[in-house]
Asks: 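This is the structure I have questions about; it appears just below.
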Amino acid sequence: MLEAEMDEHLGYEKNSVAGNNSGNSRNGYGKKTIISDYGECEIAVPRDRNGDFEPKVIEKRQTRPDEIEQKIMQIRTPAEQVQLRNVSA
């Protein structure tokens, strides 16, 4: 989801030639620890060279995902949802 946000922010997909000499590009990832009902999880948040990428799914300095778990569960199949619940229990 964060990669899709970065694509939207920059205006081109990863590894696209449209990004050449665009003035802003991807610049690796930053680590972020989020705390949820299922425990702590470390995620990789993409960065851009200008430093103005503001993720919407999990915002900067946000450590507790409000509805991210529900969003993720919505894109999972029912079998995957049961498996994720069993692993975290």
Side-chain angles (χ1 to χ4, degrees):
M1 281 195 258
L2 292 171
E3 288 292 337
E5 284 190 52
M6 179 60 83
D7 290 347
E8 180 69 24
H9 171 71
L10 294 175
Y12 61 89
E13 293 182 12
K14 189 173 186 174
N15 300 322
S16 172
V17 294
N20 294 350
N21 301 316
S22 66
N24 195 9
S25 59
R26 289 167 173 76
N27 191 26
Y29 296 88
K31 292 180 184 177
K32 180 178 200 141
T33 302
I34 56 173
I35 304 165
S36 72
D37 296 339
Y38 303 106
E40 291 187 359
C41 179
E42 191 170 275
I43 61 172
V45 180
R47 297 185 306 224
D48 65 334
R49 291 206 180 270
N50 292 349
D52 56 4
F53 174 58
E54 297 281 340
K56 303 292 185 241
V57 172
I58 183 104
E59 297 177 359
K60 289 184 177 181
R61 293 174 286 287
Q62 180 182 3
T63 57
R64 293 197 175 269
D66 299 326
E67 297 175 357
I68 184 98
E69 293 167 351
Q70 287 78 22
K71 291 176 186 176
I72 291 171
M73 294 302 273
Q74 288 174 354
I75 62 173
R76 299 280 185 178
T77 65
E80 290 173 322
Q81 291 177 17
V82 170
Q83 184 179 17
L84 285 173
R85 287 189 184 117
N86 290 339
V87 168
S88 63

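Computation of the quantities below employed the complete heavy-atom set of this structure, encompassing side-chain atoms and omitting hydrogens, waters and symmetry-equivalent molecules.
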Asks: Quick check: do S22 and L10 have side-chain heavy atoms less than 4.5 Å from each other?
Replies: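 Side-chain contact under 4.5 Å: no.
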
Asks: Of the non-hydrogen atoms in P55 and V45, which two are nearest, and what is the gap between them?
Replies: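 The answer is CG-CG1, 4.1 Å.
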
Asks: Locate the shortest heavy-atom distance separating I58 from K32; write the atom from each residue and the value.
Replies: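 Answer, listing the atom of I58 first, then K32: CG1-CE, 4.1 Å.
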
Asks: Check whether any side-chain heavy atom of E54 sits under 4.5 Å from a side-chain heavy atom of K56, and report yes or no.
Replies: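 A side-chain contact under 4.5 Å exists here.
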
Asks: Measure across F53 and L2 and return the closest heavy-atom pair with its distance rounded to 0.1 Å.
Replies: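 Looking at all heavy atoms of both residues, the closest pair is CZ-O, 4.0 Å.
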
Asks: Measure across E42 and T33 and return the closest heavy-atom pair with its distance rounded to 0.1 Å.
Replies: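 Closest heavy-atom pair between E42 and T33: OE1-OG1, 4.0 Å.
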
Asks: Can you find a heavy atom in the side chain of H9 that is under 4.5 Å from one in the side chain of D52?
Replies: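 Answer yes - side chains close enough.
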
Asks: Is it true that the side chains of R47 and N27 contain a donor and an acceptor less than 3.5 Å apart?
Replies: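 No.
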
Asks: Does K31, at its NZ atom, have more than 12 non-hydrogen atoms belonging to other residues, nucleotides or ligands within less than 6.0 Å?
Replies: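 Atom NZ in K31 is not packed in, count stays at 12 or less.
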
Asks: Take atom CD of E8 as the centre, draw a 6.0 Å sphere, and report whether it contains more than 12 heavy atoms from other residues, nucleotides or ligands.
Replies: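 Open.
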
Asks: Considering only heavy atoms from C-beta outward, does the side chain of R26 approach that of Y12 to under 4.5 Å?
Replies: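 The answer is yes; the side chains approach within 4.5 Å.
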
Asks: How close do K14 and D7 get, heavy atom to heavy atom, and via which atoms?
Replies: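 Here K14 and D7 meet closest at N-OD1, 3.6 Å.
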
Asks: Quick check against the 3.5 Å criterion: does N24 have a side-chain atom that pairs as donor or acceptor with the backbone of N50?
Replies: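 Indeed, once roles are kept as given, a pair shorter than 3.5 Å links the two residues.
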
